[in-house]
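Chain letters run A, B, ... following the sequence lines, proteins first and then strands; every chain starts at 1.
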Amino acid sequence: MRTIMHVDVNSAFLSWQAVYNLQKGDKVDLRQIPSVVGGSQADRHGIVLAKSTPAKKYGINTGEVLWQARQKCPDLVVVPPDYELYIKCSDALAEILKEHSPLIQRFSIDEAFLDYSGMSENFGPPVPYAYALKEKIKKTLGFTVNIGIGPNKLLAKIAGDLKKPDMVHTLLNQKEMAEKMWPLPVQDLFMVGRASKKKLNDIAVYTIGDLAKCEPEILKYKLKSHGILIWQYANGLEESPVHEGYNLIMKGIGNSTTIRFDVIDRKTAYKVLLSLTESVAYRLRRVQAVCGVVSVSIRTSELNMYSHQRKLFNRTDVTNEIYKNVVELFNEGWQGEPIRHLGVRVTDFSSSEFTQFSIFDTKDIVKKQALDSAIDRIRNRYGNSIIKRAVLADDQFHAMTGGMGADEYPVMSTIL
DNA sequence: TCTGGGGTCCTAGGACCC
DNA sequence: TCTGGGGTCCTAGGACCC
């Protein structure tokens with residue numbers, strides 16, 4: 001029997017921001033007052049990214065638009081996000097976890113699994129160990145975590161969610177599952193979202209227990225293969241290993257952005273797309289991969305979203321090659337509506353080490369690759385903005401658009 | 001004054017081949 | 001010349017995660 005722990009930072013962005021502000025000398029602890037971390041409304045990024053416990057009492061939810069949150073709580077304190085800080089905090093947490101187990105898996109910026117199997121002999125039973133770990137994190141880093149313990153990753157994760165903050169929970173066996181997990185509303189189960197909840201409620205399945213006792217055939221009819229998956233989860237069945245999931249398993253890289261204003265002309269759209277492509281291609285090269293598929297997504301001012309993708313004849317990691325396809329895809333796809341949001345994504349990777357080029361333009365490609373790698377080196381050394389495309393020189397948009405710090409812990413949505 | 005941005009996986013339908 | 005059928009590849013869209 002394995003023993004897995006799931007470590008989850010309580011209100012991660014908000015806690016980290018609170019700790020940082022206190023260190024800076026602020027007198028108020030954001031965690032003690034109604035506060036949220038939220039984007040800039042002027043830039044049309046105005047949603048709640050994380051909330052304090054007092055803010056939660058006003059009914060404020062993550063993902064909610066800021067003006068709505070302010071209506072619920074007029075005195076709400078809103079602080080902007082600082083992603084670099086969060087990545088540092090996440091790394092600091094990972095360092096502590098690595099001291100406590102040879103095998104950890106970073107699952108998202110604020111979550112990790114720790115394999116405690118076979119460690120009891122030397123380090124004692126898991127529950128006291130988890131309490132000690134939790135206290136150590138609080139003492140050294142200043143923020144609290146929840147730790148869930150179970151025989152697999154799924155039960156460890158659900159246990160960690162039971163009651164927050166600053167707690168340790170177990171879901172170790174059938175009895176604990178029946179007592180603690182089965183009474184929960186079905187949408188609390190990992191992989192049951194809005195659409196599944198509705199379909200399940202239609203057949204009178206309201207709790208995780210209801211789902212567990214369901215006939216799998218009925219679920220398969222209603223929810224296809226997903227029905228079988230969540231039935232297994234409801235019964236605590238899940239066996240994936242804790243693995244150090246790094247770059248090798250990245251399936252795609254994408255960046256997207258909501259633009260400060262609606263874009264109505266091609267030329268402006270091209271600038272945004274170029275800036276996005278710069279980030280995507282840079283990240284692609286950083287994981288030493290070439291891509292075989294490029295895709296462009298468009299969200300209109302009416303919030304309709306559509307995308308257009310294409311398989312390439314030759315895989316590439318060259319910024320200009322990817323951009324050429326991005327522009328063509330945009331031109332084929334765009335229906336002419338005002339554009340709120342644009343995205344560029346690459347998928348279908350293979351290793352760039354052994355890439356075959358078409359016999360036609362090898363020389364040209366080699367030259368372009370040399371240029372890209374020179375630019376990458378300069379940017380690594382002096383910062384991303386040090387080199388900028390001439391078409392972006394008017395400073396309407398950045399040299400590169402999109403986050404680049406989370407390559408190491410992609411969230412695995414189905415295979416925990 | 002109007003809802004972010006980063007991912008993975010699954011499914012359906014059409015094109016194409018045999 | 002006609003309405004069979006299996007298989008693969010490609011693309012678009014939806015559902016889910018944090």
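- In summary, A/Glu328 and A/Arg310 engage in a salt bridge, as defined by a charged side-chain N under 4.0 Å from a carboxylate O.
- Side-chain N or O atoms of A/Arg389 include none that pairs as donor or acceptor with a backbone N or O of A/Ala399 at under 3.5 Å.
- The local environment of NZ in A/Lys56 is sparse, with at most 12 non-hydrogen atoms from other residues, nucleotides or ligands closer than 6.0 Å.
- For A/His398 and B/dG5, the NE2 to P distance is 13 Å, given to the nearest whole Å.
- Applying the 6.0 Å contact sphere to CD of A/Gln68 captures more than 12 heavy atoms from other residues, nucleotides or ligands.
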All N/O pairs under 3.5 Å across the protein-nucleotides 9-11 of chain C interface:
unit_1: C/dT11; atom_1: OP1; unit_2: A/Lys311; atom_2: N; d: 3.3
unit_1: C/dT11; atom_1: OP2; unit_2: A/Lys311; atom_2: N; d: 3.2

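- Neither OP1 nor OP2 of C/dA15 sits under 4.0 Å from any side-chain N or O of A/Lys197.
- Using a 4.0 Å cut-off between charged side-chain N and carboxylate O, A/Asp348 and A/Arg315 make a salt bridge.
- Residues forming a side-chain hydrogen bond (donor to acceptor under 3.5 Å, both in side chains) with A/Gln71 (at least two apart in sequence, or on another chain): none.
- Checked for salt-bridge contact, A/Lys138 and A/Glu135 meet the test: a charged N lies under 4.0 Å from a carboxylate O.
- The cationic group of A/Lys271 does not satisfy the cation-pi geometry with A/Phe397, failing either the under 6.0 Å distance to the six-membered ring centre or the 45° limit from the ring axis.
- Taking side-chain N and O atoms only, A/Ser108 has no distance below 4.0 Å to OP1 or OP2 of B/dG6.
- Across all strands, A/Glu111 comes closer than 4.0 Å only to sugar-phosphate atoms, never to a base (heavy-atom distances).
- A donor-acceptor pair shorter than 3.5 Å cannot be found between the side chains of A/Ser40 and A/His45.
- In A/Gln288, the CD atom is not crowded: 12 or fewer heavy atoms of neighbouring residues, nucleotides or ligands sit closer than 6.0 Å.
- A/Arg44 and A/Asp262 are joined by a salt bridge, as a carboxylate oxygen and a charged side-chain nitrogen come within less than 4.0 angstrom of each other.
- A pairwise comparison of heavy atoms in A/Ala18 and A/Asp29 identifies CB-OD1, 3.5 Å as the closest pair.
- Contact annotation for A/Lys157: backbone-only contact, meaning every heavy-atom pair under 4.0 Å involves sugar-phosphate atoms and none involves a base.
- Regarding A/Lys224, its NZ atom lies at a distance of 9 Å from the C1' atom of B/dA12, rounded to whole Å.
- The separation between A/Phe107 atom CZ and C/dC17 atom C1' is 7 Å, rounded to whole Å.
- Under the 3.5 Å distance criterion, with hydrogens and angles disregarded, no donor-acceptor pair is assigned to the side chains of A/Ser15 and A/Asn10.
- Using a 4.0 Å cut-off on heavy atoms, the residues of residues 254-280 of chain A that approach DNA chain B are A/Gly254, A/Asn255, A/Ser256, A/Thr257, A/Thr258, listed by number.
- The local environment of CD in A/Glu84 is sparse, with at most 12 non-hydrogen atoms from other residues, nucleotides or ligands closer than 6.0 Å.
- For the pair A/Ile230 CD1 and C/dC17 C1', the interatomic distance rounds to 14 Å; values are reported in whole Å.
- As a whole-Å value, the separation of A/Gln68 CD from B/dG4 P is 13 Å.
- Within residues 340-348 of chain A, the residues approached by DNA chain B to less than 4.0 Å at the level of any non-hydrogen atom are A/Arg340, A/His341, A/Arg345, in residue-number order.
- Heavy atoms from other residues, nucleotides or ligands lying under 6.0 Å from OH of A/Tyr270 number more than 12.
- One interatomic measurement links the two molecules: CG of A/Leu66 to C1' of B/dT3, which rounds to 10 Å at whole-angstrom precision.
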> How is the base pairing of DNA chain C summarised as a dot-bracket string, given the Watson-Crick and G-U wobble criteria with both distances under 3.5 Å, [ ] for crossing and | for another strand?
Replying inline: ....||||||||||||||
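- Among the protein residues, A/Thr62 comes within range of no part of the nucleic acid, since none of its heavy atoms lies under 4.0 Å from any strand.
- Within a heavy-atom distance below 4.0 Å of DNA chain B, the residues of residues 294-303 of chain A found are A/Arg299.
- Proximity note for A/Ser196 (side chain, C-beta onward) versus B/dG4, C/dC16, B/dC2: the nearest is C/dC16.
- Heavy atoms from other residues, nucleotides or ligands lying under 6.0 Å from OH of A/Tyr58 number 12 at most.
- In this entry the distance linking CG of A/Leu14 with P of C/dC18 reads 18 Å, nearest Å.
- Between the CE atom of A/Met400 and the C1' atom of B/dG5 there is a distance of 16 Å, given to the nearest Å.
- Taking a 6.0 Å sphere around NZ of A/Lys180, one finds it holds more than 12 heavy atoms contributed by other residues, nucleotides or ligands.
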